[in-house]
Every structure is written in C-alpha cells, then in structure tokens.
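Heads up, the thing below is written out as structure tokens.
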There are 2 protein chains.
Amino acid sequence: MQPENCSENSQLYRFLAENGMINVGAYGFPAAMQTLCNPSPTSYNSSDYHFESSVITDMTPQDRALAALKNHKEAEKRRRERINSHLDKLRGLLLCNSKTDKATLLAKVVQRVRELKQQTSELSGLETFPSETDEVTVLSGEYSSDGQLIFKASLCCEDRLDLMPDLNEILKSLHLKTLKAEMVTLGGRIRNVLIIAADKDHSVESVHFLQNALKSLLERSNSSEKSKRRRILDRKLIIQ
Amino acid sequence: MQPENCSENSQLYRFLAENGMINVGAYGFPAAMQTLCNPSPTSYNSSDYHFESSVITDMTPQDRALAALKNHKEAEKRRRERINSHLDKLRGLLLCNSKTDKATLLAKVVQRVRELKQQTSELSGLETFPSETDEVTVLSGEYSSDGQLIFKASLCCEDRLDLMPDLNEILKSLHLKTLKAEMVTLGGRIRNVLIIAADKDHSVESVHFLQNALKSLLERSNSSEKSKRRRILDRKLIIQ
DNA sequence: GCCAACACGTGAACC
DNA sequence: TGGTTCACGTGTTGG
C-alpha cells in the first residue's frame, strides 16, 4: 500500500479519526496530518501521535487546512439554510404543507408562476384605451426559437409631442427592435403597446433597463405636465 | 483498534478501495465486506482478497448491500436532477441568467410570486360591481400571526334567492369563518366578496375545497338559470 | 426490509 | 490565494 498523494492520506486520517479507530486531540484532528503524507510503515494508532512540526508554530499548515475545512463546512451549512429558508417562504406563499418535498414544491412554484403570469397578462392585456392612471407594463414573454426574447410593453400617460421621439431613443439605445406598435389616443392621453424583440446576448438586462427607462420617461412626462392636469389618479407599474 | 460495528468497516473498505489502496473487482467492490466485519488482525491489502461467502450464492448479503448502495446513489442523483430541472425552468420564467445561483434565484422567485399575487389581487380586486361574466376568484392571503389563514373569495353570478343559503352551507361544512362580506347586486346579477378565515389545521384543503365548491355552485346556478338568461358571456376562474 | 427524501461533509471549479 | 457555489455519495429517518 503506497499512498499516491497527501490528500488521500489526510482523507484516510480523517476517516480513521472520525470512526474512533485512532485517538485524536480535543478539536477532532491533530496537526499531524503532515506526518501522514510521508508515512512511516508502522500502523496508524495513537502511539504514533507525536510530531515535531507543531512545536515550531501555533498555526501549522495542517491547522490552517483544518480551519479552512471547518470554515468550508460551516459556509456550506449556511448556504443550505439560506436555500431552505427560501423554500419555506415559497411553501407559505403557495399554501403548501410544510412537509411537501422540495421537488414537488418547486413543480408547484413553476406552475403557479406560469398561472400568475398568464392571469396578469390577461387581466392587464384587456386594456386598449388609455386609462386615467399612468401605467408602465412590461410583460415578459419567453425566448423565441431563434434565441430572441419577445415581450410586450405597454405605456399609458399624457400625450405629448416628444413622447414618440423619446420612446424611439430609448429603444434604439437599448438595441431593441419594435416588431409591432399600437397606439391609441383619447382625451389628451395615449396608450402605447409595443411588441419588442431583444437579441439574446443582452436580453435580460435590456428588459430591466427598459422598465426603468419607461418608468423614468413616465415620471419626466408627469413632472412636466403636472401643472396642466387636473388630477393624476395613480401610477401603476406592472412587471411580469 | 477494535471496530465497533460492521458499518464502520464497510466504510473503511470502501474508502480503501476508492483510493486505490487495495485492489477491487470489476464492479468496484467485492462481496468480501462481510469478512471485514470480523477482521483478521492482518493488514488490509489485496493479498487478503479471497473469501468463502461468495461461492455459496451469487447474491450474498454483501452484494445486496452493494446493490442497495448503488440504487441509493442513483436515486439521489435522480432527485437532484429533478430539483435542478425545476430550478432551470424557474430561471427561464424569471429571465435569470443560467448562472444565477440557487439561493439568489429562489429569493427572486419569492419576490416575483409576491409581486404577481399583489398584481392579480389589485387587477382583479378593483371590480366591485357585478360583471356580465361569471367569476370565481379565490385570492389566498397568508397565515396570520395566530395561525389562521385569511383569504378573500369573490363570486359573481346570477342573483337567486337560495344563493346565500347555499353559500353559508358551503362555508359551514368547511368550517370556515366569514370575517367580512360585501355583496352588490345590479341588474339581476350579484357580486359577493368574502373575507374568510380558516383554522390552520385544515386550511390548505379548505381553500381548495372552497374553490371547487364555489365553482360547482356557480355551475349549478348556471344550469338552472340558463334558460332565463339571454347570454352567459364567459366564465372566469381565478385562483391565486 | 425497501424506498423516498433529507442534511451533511467533502472535493472540485470558479472568481 | 480565500471565498463561494455546486455535485456528489453517504448516513439517517419515516412511511
């Protein structure tokens, strides 16, 4: 039996120690793993538990490796807890029994998100005429077969001459293509519904940028027009 | 060094084998783990690789344990894949980069589900007057501090004398308490909005039962009233 | 005893 | 390097 590298022996050492096959120090592992890297042919037992490296410094490379392992172990535990806490929140949100298993839960989440997207799409998609309330709606579609992301954006606000130029500027700067545009004006207000395509390489960012850009466009529009309007009822921002 | 049980030694054997410290058969592990349970004091190496148990039967207890381990390993892999595939679907649904880590993804999912619930609640909650379309809407709230589940249910259909008794019967049979009830009638139609509390012990089931009960109530209502109505435009069922 | 689901600790990969 | 994330195989528990 000739060990090939130190890693294997540190594993072996740990294995033996954890299973009580050799005695270990208070913490669990001594700083003697180094000695195992060039092991003497004697058997591993507690009588070999003497080493010279530990007298040189308090923090031998072995101790440091050990501390790293401990860190790693704890970090991993925190990671698991973080994930599980989110899963628990989802259980609450979906009214799932706390003992619903993870896979089933996630399947339900997928289904629910699809339903909700569908519902908001239907509920908010019915509007074609401008409303009294200012609205920015970005309904994210999914990726088309050719890798483009197709989605729908709706903007409802006061009509003004430079709205379309502003809108075009935004779309151009984000490298978004307008596949289709509907606009309806009524009583000084306008509703703009755009079908937009984004190249796959910067699609996600573009969607978020567009949301923010439209939102700020709407705010700009509001602040400049506020004096003219008798009332701004509300502001809706729908992000699907 | 006296091993305490067989499990430890099978672990040890596996450890040694996996790290090439002893030779193993074609599959990976020989059927010799039993011999390790009462080990001879000699060292573990390939020269000890002879055993009598395997000649008795093809399926020794060791082989069966081995097969079970293999099963277990593969089942666990399938489970991981199942979970991860759902996570990937969620990544697609949320337009997340494929390298968004699990915890962050799940945090976004939680946030998104909350947003979507909020939006559908707002979008569908605006209606107070009865619509032309028959509707059952159950908007699930979350658990209150005292463990009760509070949620909102809305029902819109033809008005009829025995609607309220039917409704009360349903709620009573499901042990649901009505905290608040709004009802608006207009042109022979009625909209009923109920705030309902369910005890925690059978809350989830009750919500689903209620959904089904209201749905069938609506269908019953329709079939008996169909002749009187000139048109039933549509039927909406919203479940949040 | 089997099966399914979980938490755990660890090695590997990526910054 | 250290920090962080992932997949993996395993021990364990409940049905």
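Note that the structure is a prediction, hence the values are computed from the model and not measured. Lettering follows sequence order; numbering is per chain, from 1. Every heavy atom of this structure was used, including side-chain atoms; hydrogens, water molecules and symmetry mates were not.
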Calculate, to the nearest 0.5 Å, the distance between atoms CD1 and NZ belonging to A:I196 and A:K180 respectively. 13.0 Å

Validation row: B:L218, B:L214 side chains within 4.5 angstrom (heavy atoms): no

Taking only the side-chain heavy atoms of A:H72 (C-beta and beyond), determine which of C:dC6, D:dT10, C:dT10 contains the nearest atom. C:dT10

DNA chain C nearest-nucleotide lookup for B:K99 and A:R80: closer to the 5′ end is A:R80

Show the distances under 3.5 angstrom between N or O atoms of the protein and N or O atoms of nucleotides 1-3 of chain D.
unit_1: D:dT1; atom_1: OP1; unit_2: A:R64; atom_2: NH1; d: 3.4
unit_1: D:dT1; atom_1: OP1; unit_2: A:R64; atom_2: NH2; d: 3.2
unit_1: D:dG2; atom_1: OP1; unit_2: A:R64; atom_2: NH2; d: 2.6

Nearest-Å distance for atom pair CG/P, residues B:L87 and D:dT5: 15 Å

A:R79, nearest nucleotide to its side chain (from D:dT5, C:dG11, C:dG9): D:dT5

Give one of base, sugar-phosphate or nothing for A:R82, where a contact means two heavy atoms less than 4.0 Å apart. sugar-phosphate

Got a second to check how far A:L116's CG is from A:R112's CZ, nearest 0.5 Å? 6.0 Å

Round to the nearest Å and state the distance from A:D101 atom CG to C:dC6 atom P. 5 Å

Measure CG/A:L106 against C1'/C:dC6 and give the value in whole Å, please. 14 Å

Taking only residues two or more places apart in sequence, or in another chain, which ones meet A:E169 in a salt bridge (Lys or Arg N to Asp or Glu O under 4.0 Å)? none

Taking side chain as C-beta onward, heavy atoms only, is B:L194 less than 4.5 Å from B:K152? no

Interatomic distance, A:T178 atom OG1 to A:N168 atom CG [nearest 0.5 angstrom]: 6.5 Å

Taken to the nearest whole Å, CD/B:E74 to C1'/C:dC3 is 14 Å

Separation of atom NZ in B:K73 from atom C1' in C:dA4, rounded to whole Å: 18 Å

Hey, does A:D101 have a side-chain heavy atom less than 4.5 Å from the side chain of A:T104? yes

On the nucleotide D:dC8, are OP1 or OP2 found under 4.0 Å from the side-chain N or O atoms that B:K77 carries? yes

Spacing between B:L69 atom CG and D:dC8 atom P, to the nearest angstrom: 16 Å

A:N84 CG to C:dA5 P, straight-line distance once rounded to whole Å: 15 Å

How close or far is atom P of D:dC8 from atom CZ of B:R78, stated in whole angstroms? 13 Å

Is it the case that the base of C:dC6 and the side chain of B:E76 share a donor-acceptor contact (distance under 3.5 Å, atom types as modelled)? yes

Candidates D:dC6, D:dG11, C:dA7 - which lies nearest the side chain of B:K102: D:dC6

